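Here the structure comes first, spelled out in structure tokens, and everything after it is commentary.
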Amino acid sequence: MNFDFTEDQILIQQTAKEFAQAEIAPSSVERDLKAEFPAEIIKKLGELGFMGMMVPPELGGAGLDTISYVLAMIEISKADASAGVIMSVNNSLVCFGLEKYSSPYIKEKYLIPLARGEKLGAFALSEPEAGSDATKQKTTADKDGDFFILNGIKNWITNGHSADYFLVMATTDKEKGHHGISTFLVEKGTPGFEHGKKEDKLGIRSSDTSSLTFENCRIPRENLIWEEGKGFNFAMNTLNGGRIGIASQAIGIAEAAFEAALKYSKERKAFGSHISNFQAIQFKLADMAVKIEAAKALTLRAAAMKDANKKYYKEAAMAKLYSSKVAVECALESIQIHGGYGYVREYLVERYLRDAKITEIYEGTSEIQKMVIARALLDEN
Ligand code: CAA
């Protein structure tokens, strides 16, 4: 077992860190307050090759491995978890699925600009009545000659306002249950396709989230991804990689909360000493550091298994389940160490808690991750 990163992986981590601290962190408080989408930052992430990190260069990507992606995601999310989720959705939920399952036509027309970061993607599985229970898709796609006609509503779609291309799951054959679900690539501006208002969220406020509605929206047959009836498997296989992305986002938030607490504890004095000298604070810092290391080990293992083309869905679920829990715990402890300063907007720490919470909800709640892990354990043994 080798725990050393390669020179290339270290270079990616360093590049991401420098960019994140210089260009993302300074404006993150203002963007959070205004719920403002980081358009310029996302453009620059594209120029750095961070919007299609694992896509081969001939398809517009950076041709890197999943370990490099995890390291970059941690650094970007440490500076701003909103930028992190925008990057994660484009990389893991959109580019990965298109690279693996789409036709040469889709790759040429849509994947290349997405991987270059010239266009932004979104992934539309959830519906008002199909969140965790994702097989219960009500959106329909009826065949009409060389077209499919989409009707229905999608909910909680990250990049819902800002994306150019949307991967939309819809039922093409009701009789077949989840084997009757298909995935379509829908372009922004297609007649019959609208997005709803931006959700006013607790955290990750500068990423946009909205509903999508489809009313007799005509999609050409060539925009069907993979095959008819494979849409649910497409979504599940894609979400496995997405869960590594969100685990990395959670680690970034946890590290930011930890580093803020460590710094503050060495500056703040109480009872005639820096509070870092008190065992009560030291134990909190030690617990946070151990949890972050453990979360990283789980996430990097899932990434390494994906890179080795091994089955990794259980490991990805474990990584997301644990890392998201650690993010919330570290954010809470960081607030506790900061006292009143942790509770006000000016000090950033309260944002870490608001941003951390969503990592336990999206791309499969913690309860769904436990279900996935338990089913895998029962199948394996
Ligand atoms: N990887 C690969 N395949 C999987 C899978 C996984 N992790 N989990 C389930 N599947 C496959 C099963 O193998 C099965 O395939 P076949 O029928 O072809 O053999 C199929 O999916 C159905 O699985 P089940 O029979 O287990 O169905 P279920 O209804 O009992 O459970 C579920 C399905 C695991 C709960 C699934 O619905 C699920 O993962 N739900 C959570 C959905 C989710 O993560 N949503 C996130 C929305 S996207 C988002 O948040 C994006 C964003 O914008 C940030």
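Keep in mind that what you see is a predicted model, and the values were worked out from it rather than measured. Remember, it's 1-based here, ligands and their atoms both numbered in the order they're listed.
Remark: distances from the non-hydrogen atoms of Leu93 to ligand 1 include one below 4.0 Å.
At the top of the distance list for atom 30 (O) of ligand 1, counting protein heavy atoms only, stands Arg375 NH1, 2.9 Å. Residue, atom and distance of the protein heavy atom nearest to atom 8 (N) of ligand 1 are Met236 SD, 3.7 Å. Distance from atom 40 (N) of ligand 1 to its nearest protein heavy atom, with residue and atom name: Ser132 O, 2.9 Å.
Looking at ligand 1, you'll find an N or O of Glu363 within less than 3.5 Å of one of its N or O atoms. Any N or O atom pair closer than 3.5 Å counts here, and Val89 shares no such pair with ligand 1. On a distance-only criterion, Ser126 and ligand 1 share no N/O pair closer than 3.5 Å.
Asn223 and Glu187 share no donor-acceptor pair across their side chains, judged by distance under 3.5 Å alone. A side-chain N or O of Gln249 and one of Tyr362 form a donor-acceptor pair less than 3.5 Å apart. Thr66 and Asp307 form a side-chain donor-acceptor contact under 3.5 Å, judged by distance and modelled atom types alone.
For Asp142, the side-chain hydrogen bond (donor to acceptor under 3.5 Å, both in side chains) criterion is met by no residue, not counting sequence neighbours.
Looking at Gln369 against ligand 1, nothing comes within 4.0 Å, counting heavy atoms.
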